[in-house]
Engineer: 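Here it is, the structure in full.
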Amino acid sequence: MLGSALGDAIGELAFRFPEREQLLAQVEDSEKLIYTDDTAMSIALAESLIEVGDIEEQQLGDSFYQQYLKEPWRGYGAGPPQVFNMVEEEDINYSEAARRLYDGKGSKGNGAAMRITPLAIYYHNSEQLYEKALASARVTHTHPLGIDGAAVQAKAITQSVNLNYQRPFSPQIFIESLITFSRTTELKDKLALIPELITADISPAEAVERLGKDITAHESIPYAHYCFLRNPHTFVEAVLSSVLNGGDRDTLGAMAGALCGGYLGVEAIPPEWRQKLENNQHIETLARELAARAS
C-alpha cells in the first residue's frame, strides 16, 4: 500500500516534472509527497474492509462518497462524482448508478484497479478473489473491462506478495497466470505481449506505445505490469519507468508501485520517500491490519 501511494504521488508530480532528473530533484526537494484520488479511494476501501470484514457494496460506495466529500480536490475523474450525485439525488444503489455511465455501458477505466491493493492484501489467499474484486469494482465501474482490470491487478498483487524476492521468477509464468485469470479478450491480448517485450529488452518508451498508457483498463494495466517485470528488484526504477513515459502517470505509478512494493517489501522503498508520503503511518497501519485479518 505504501508502494502504491508513493507511485501515485510521484506520478502526479511527473505531470509537471516529466524528465527523470527533474522529477527526482523535485521529490528530494518536496517537504511532503501528496497522493491523488487513487490512494484516497484505496484508503476508503481499506477502512471499509476493516470495518465490515467483507465487500458490502453500498457501504463501500458510502465510504468512497464520504472520502470524496472530505477531499474533492484530490483529482477525481468525471465518473465517481456522477455516480455519487445519482445515488444522492435518485436514491438508487451505486452499481445501478455506475451502469448508467457512458450510455449505459459503464466505465472501462482503470479507476477500480488503481485502488484495489487493500482488497488484494485481504483476499490474497482466497479462491473468491475475482468475485470480491468484481463486487468492489462495480460500485463505480460496471463495464467488463473495468471489472476485469481490477481483478487482474488484484491477482498480480497477490502473486507479487507470494513470490520470494530472493529467488528468480519467470515473467512468462507470472503473465500466463494473469491471462488465465482474466475474462476479457482485450486485456488477455495486451498481457500476452509483455513477455516478448521483456525478453527483447524493449525500452519503456517503446513498450508504452505498444501496451498503452491511457485511463482505460486494457490500455494501462499491462504497461504497469511491464514496468514491474522489467525492474522487479528496484522499486525506484519500476516507479520511474511507469511515470516518465506519459499517459495516466499517477495511476500507472500506483499500479506498478503496488506490484513492486508487494514483491520487495517496505524495506526496498527509500526511507526518505516513505517519510515524506502524507499519511504514511495511517496507510501502513491499515496495511498491517488487513494482513493480520487476511482471509
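All values reported here derive from a predicted model rather than from experimental measurement. Here, residue 1 is the first one in the sequence, and each next residue gets the next number.
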Engineer: Given 3.5 Å as the limit, does a donor-acceptor pair link the side chain of T39 with the main chain of S42, or not?
Structural biologist: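 Such a contact is absent between T39 side chain and S42 backbone.
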
Engineer: Is the closest side-chain heavy-atom distance between E71 and D37 below 4.5 Å?
Structural biologist: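 The answer is no; the side chains never approach within 4.5 Å.
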
Engineer: Please determine whether the number of non-hydrogen atoms from other residues, nucleotides or ligands lying under 6.0 Å from atom CG of N164 exceeds 12.
Structural biologist: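 More than 12 heavy atoms, drawn from other residues, nucleotides or ligands, come within 6.0 Å of this atom.
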
Engineer: Under 4.0 Å between a side-chain nitrogen and a carboxylate oxygen: does that hold for R138 and E57?
Structural biologist: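 Yes, charged N to carboxylate O under 4.0 Å.
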
Engineer: Considering non-hydrogen atoms only, spot the tightest contact between F174 and A156 and give its length.
Structural biologist: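 Smallest heavy-atom distance, with atoms named: CZ-O, 3.6 Å.
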
Engineer: Quick one: does S48's side chain have a donor or acceptor within less than 3.5 Å of a partner on L45's backbone?
Structural biologist: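 No: the side chain of S48 does not pair with the backbone of L45.
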
Engineer: Between Q22 and Q26, do the side chains contain a donor N or O and an acceptor N or O under 3.5 Å apart?
Structural biologist: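 Q22 and Q26 do not have a side-chain donor-acceptor pair below 3.5 Å.
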
Engineer: Quick check: do T285 and R288 have side-chain heavy atoms less than 4.5 Å from each other?
Structural biologist: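 No, too far: nothing below the 4.5 Å cut-off.
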
Engineer: Could you please spell out the steps behind the side chain to side chain contact (heavy atoms under 4.5 Å, CB included) verdict for Q153 and L259?
Structural biologist: CA-CA 9 Å; Q153 176 68 4; L259 295 172; 4.2 Å; yes

Engineer: Please verify the inter-ring angle class for F84 with Y94; under 30° counts as parallel, over 60° as perpendicular, anything in between as tilted.
Structural biologist: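 Correct class here is perpendicular.
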
Engineer: With side chain to side chain contact (heavy atoms under 4.5 Å, CB included) as the criterion, how do L211 and L193 come out once you've worked through the C-alpha distance, each side chain's angles and the decisive distance to 0.1 Å?
Structural biologist: CA-CA 8 Å; L211 295 172; L193 297 175; 4.0 Å; yes

Engineer: When you measure from the side chain of R274 to the backbone of N280, do you find a donor-acceptor pair of N or O atoms at a distance under 3.5 Å?
Structural biologist: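 Checking the backbone N and O of N280 against the side chain of R274, no donor-acceptor pair under 3.5 Å is found.
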
Engineer: Given the ring of Y122, does R293 sit roughly above its face, with NZ or CZ under 6.0 Å from the centre of the six-membered ring and within 45° of the axis?
Structural biologist: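 Here R293 fails the 6.0 Å and 45° test against Y122.
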
Engineer: Check the side chains of D248 and S220 for a donor-acceptor pair under 3.5 angstrom, ignoring hydrogens and angles.
Structural biologist: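 Checked: S220/D248 side chains show no N/O donor-acceptor pair below 3.5 Å.
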
Engineer: Run the side chain to side chain contact (heavy atoms under 4.5 Å, CB included) test on R230 and L197 for me, step by step, so that the C-alpha distance in whole Å, both residues' side-chain angles and the decisive distance to 0.1 Å come before the verdict.
Structural biologist: CA-CA 9 Å; R230 180 180 170 87; L197 297 177; over 6 Å; no

Engineer: Among the clusters formed by ILVMFWY side chains lying less than 4.5 Å apart, do V266 and W273 turn up in the same one?
Structural biologist: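 V266 clusters together with W273.
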
Engineer: Between atom CD1 of I194 and atom CD of E176, what is the distance when rounded to the nearest 0.5 Å?
Structural biologist: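 So the gap between those two atoms works out to 12.0 Å.
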
Engineer: Are T36 and T251 packed together at the side-chain level, in the sense that at least one heavy-atom pair is separated by less than 4.5 angstrom?
Structural biologist: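 Result no, sub-4.5 Å side-chain heavy-atom pair not found.
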
Engineer: Can you measure from CD1 (I121) to CD (E289) and round to the nearest 0.5 angstrom?
Structural biologist: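 It is 11.5 Å, given to the nearest 0.5 Å.
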
Engineer: Can you tell me if OH on Y165 sees more than 12 non-hydrogen neighbours from other groups inside 6.0 Å?
Structural biologist: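 Not more than 12 within 6.0 Å, no.
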
Engineer: Does the ring of F181 carry K155 above it, NZ/CZ under 6.0 angstrom from centre and within 45° of its axis?
Structural biologist: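 Yes, K155 and F181 form such a contact.
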
Engineer: Given R74 and E12, is the salt bridge (charged side-chain N to carboxylate O under 4.0 Å, His left out) satisfied, shown in steps?
Structural biologist: CA-CA 10 Å; R74 288 281 182 191; E12 179 68 7; over 6 Å; no

Engineer: Donor-acceptor pair, distance only, cut-off 3.5 Å: does the side chain of N231 make one with the backbone of C227?
Structural biologist: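 Yes.
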
Engineer: Which heavy-atom pair separates I116 from S136 by the least distance, and what is that distance?
Structural biologist: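 That closest heavy-atom pairing would be CD1-OG, 4.0 Å.
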
Engineer: For L187 and D148, work out which heavy atoms get closest and say how close.
Structural biologist: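 For L187 and D148, the tightest heavy-atom pair comes out as CD2-OD2, 3.6 Å.
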
Engineer: Within the side chain of N110, is there an N or O that forms a donor-acceptor pair under 3.5 Å with the backbone of I215?
Structural biologist: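 Confirmed, N110 side chain pairs with I215 backbone.
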
Engineer: Does E219 come within less than 4.0 Å of K108, counting only side-chain N to carboxylate O?
Structural biologist: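 So E219 does not pair with K108 through a salt bridge.
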
Engineer: For F169 and P171, which heavy atoms make the closest approach, and how far apart are they?
Structural biologist: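 Closest heavy-atom pair between F169 and P171: O-CD, 3.3 Å.
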
Engineer: I want to check something: taking the side chain as every heavy atom from C-beta on, are I92 and R100 in contact at a cut-off of under 4.5 Å?
Structural biologist: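 The answer is yes; the side chains approach within 4.5 Å.
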
Engineer: Do W73 and I43 sit in one hydrophobic cluster, given that two such residues count as connected whenever their side-chain heavy atoms are within less than 4.5 Å of each other, even indirectly?
Structural biologist: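 Shared cluster, no.
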
Engineer: Verify the distance criterion only: is there a donor paired with an acceptor across the side chains of D250 and Y35 at less than 3.5 Å?
Structural biologist: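 Checked: D250/Y35 side chains show no N/O donor-acceptor pair below 3.5 Å.
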
Engineer: Are N245 and K213 close enough that some pair of their side-chain heavy atoms sits under 4.5 Å apart?
Structural biologist: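 Heavy-atom side-chain distance check fails, nothing below 4.5 Å.
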
Engineer: Look at the side chain of S30 and the backbone N and O of K32, then say whether any donor-acceptor pair between them is shorter than 3.5 Å.
Structural biologist: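 No, the answer is negative, given that no donor and acceptor are paired below the 3.5 Å cut-off.
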
Engineer: Considering non-hydrogen atoms only, spot the tightest contact between M255 and I221 and give its length.
Structural biologist: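 Of all heavy-atom pairs spanning M255 and I221, the closest is SD-CG1, 3.6 Å.
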
Engineer: Checking side-chain polar atoms at under 3.5 Å, does S63 have a donor or acceptor matched by the opposite partner on E47?
Structural biologist: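 E47 and S63 do not have a side-chain donor-acceptor pair below 3.5 Å.
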
Engineer: What's the spacing between E88 CD and L69 CG if we round to 0.5 Å?
Structural biologist: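 Rounded to the nearest 0.5 Å, the CD-CG separation comes to 8.0 Å.
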
Engineer: Without hydrogens or angle criteria, can the side chains of T140 and R115 be said to hold a donor-acceptor pair below 3.5 Å?
Structural biologist: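 Yes.
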
Engineer: For the rings on Y223 and F228, is their centre-to-centre separation under 6.0 Å?
Structural biologist: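 No: the rings miss the under 6.0 Å criterion.
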
Engineer: Any side-chain heavy atom of V87 within less than 4.5 Å of one from E90?
Structural biologist: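 In short, these two side chains do not touch, never coming nearer than 4.5 Å.
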
Engineer: Taking the side chain from S126 and the backbone from Q128, do they hold a donor-acceptor pair closer than 3.5 Å?
Structural biologist: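 Looks like yes, one N/O pair under 3.5 Å.
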
Engineer: Might you confirm whether atom CD of E272 has over 12 heavy atoms from other residues, nucleotides or ligands at distances under 6.0 Å?
Structural biologist: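 Yes, enclosed.
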
Engineer: Can you name the nearest heavy-atom pair linking E31 to K276, along with the distance?
Structural biologist: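 Heavy-atom minimum between the residues: O-CG, 4.0 Å.
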
Engineer: What is the distance from atom CG of L13 to atom CG of L33, rounded to the nearest 0.5 Å?
Structural biologist: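 Taking CG in L13 and CG in L33, the distance rounds to 6.5 Å.
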
Engineer: A quick test of your reading: do over 12 heavy atoms of other residues, nucleotides or ligands sit less than 6.0 Å from CD1 of I198?
Structural biologist: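 Yes, because the 6.0 Å sphere around CD1 of I198 holds more than 12 heavy atoms from other groups.
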
Engineer: Quick one, T184 and S182 - any side-chain contact, counting heavy atoms below 4.5 Å?
Structural biologist: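 In contact.
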
Engineer: Using the rule given for side chain to side chain contact (heavy atoms under 4.5 Å, CB included), can you reason through H124 versus N162, listing the C-alpha separation, both sets of side-chain angles and the distance that settles it, and then say yes or no?
Structural biologist: CA-CA 8 Å; H124 78 274; N162 289 329; 3.5 Å; yes

Engineer: Decide yes or no for L129 and E127: does some side-chain heavy atom of the first lie under 4.5 Å from some side-chain heavy atom of the second?
Structural biologist: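 Side-chain contact under 4.5 Å: no.
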
Engineer: Taking atom CD1 of I175 and atom NZ of K190, what is their separation to the nearest 0.5 Å?
Structural biologist: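 Result: 13.0 Å between the selected atoms.
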
Engineer: Just by distance, do the side chain of R249 and the backbone of G11 share a donor-acceptor pair under 3.5 Å?
Structural biologist: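 Not a single qualifying donor-acceptor pair exists.
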
Engineer: Do the side chain of S170 and the main chain of I173 share a donor and acceptor less than 3.5 angstrom apart?
Structural biologist: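 The answer is yes, because a donor-acceptor pair under 3.5 Å joins these two groups.
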
Engineer: To the nearest 0.5 Å, how far apart are CG in L23 and CG in L240?
Structural biologist: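 Reported to 0.5 Å precision, the distance equals 6.0 Å.
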
Engineer: Relative to the ring of H233, is the ring of Y263 parallel (under 30°), tilted (30 to 60°) or perpendicular (over 60°)?
Structural biologist: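 Rings of Y263 and H233: tilted, 30 to 60°.
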
Engineer: Does Y76 share a hydrophobic cluster with I34, counting links as ILVMFWY side-chain heavy atoms below 4.5 Å and allowing steps through other members?
Structural biologist: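 Not linked; separate clusters.
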
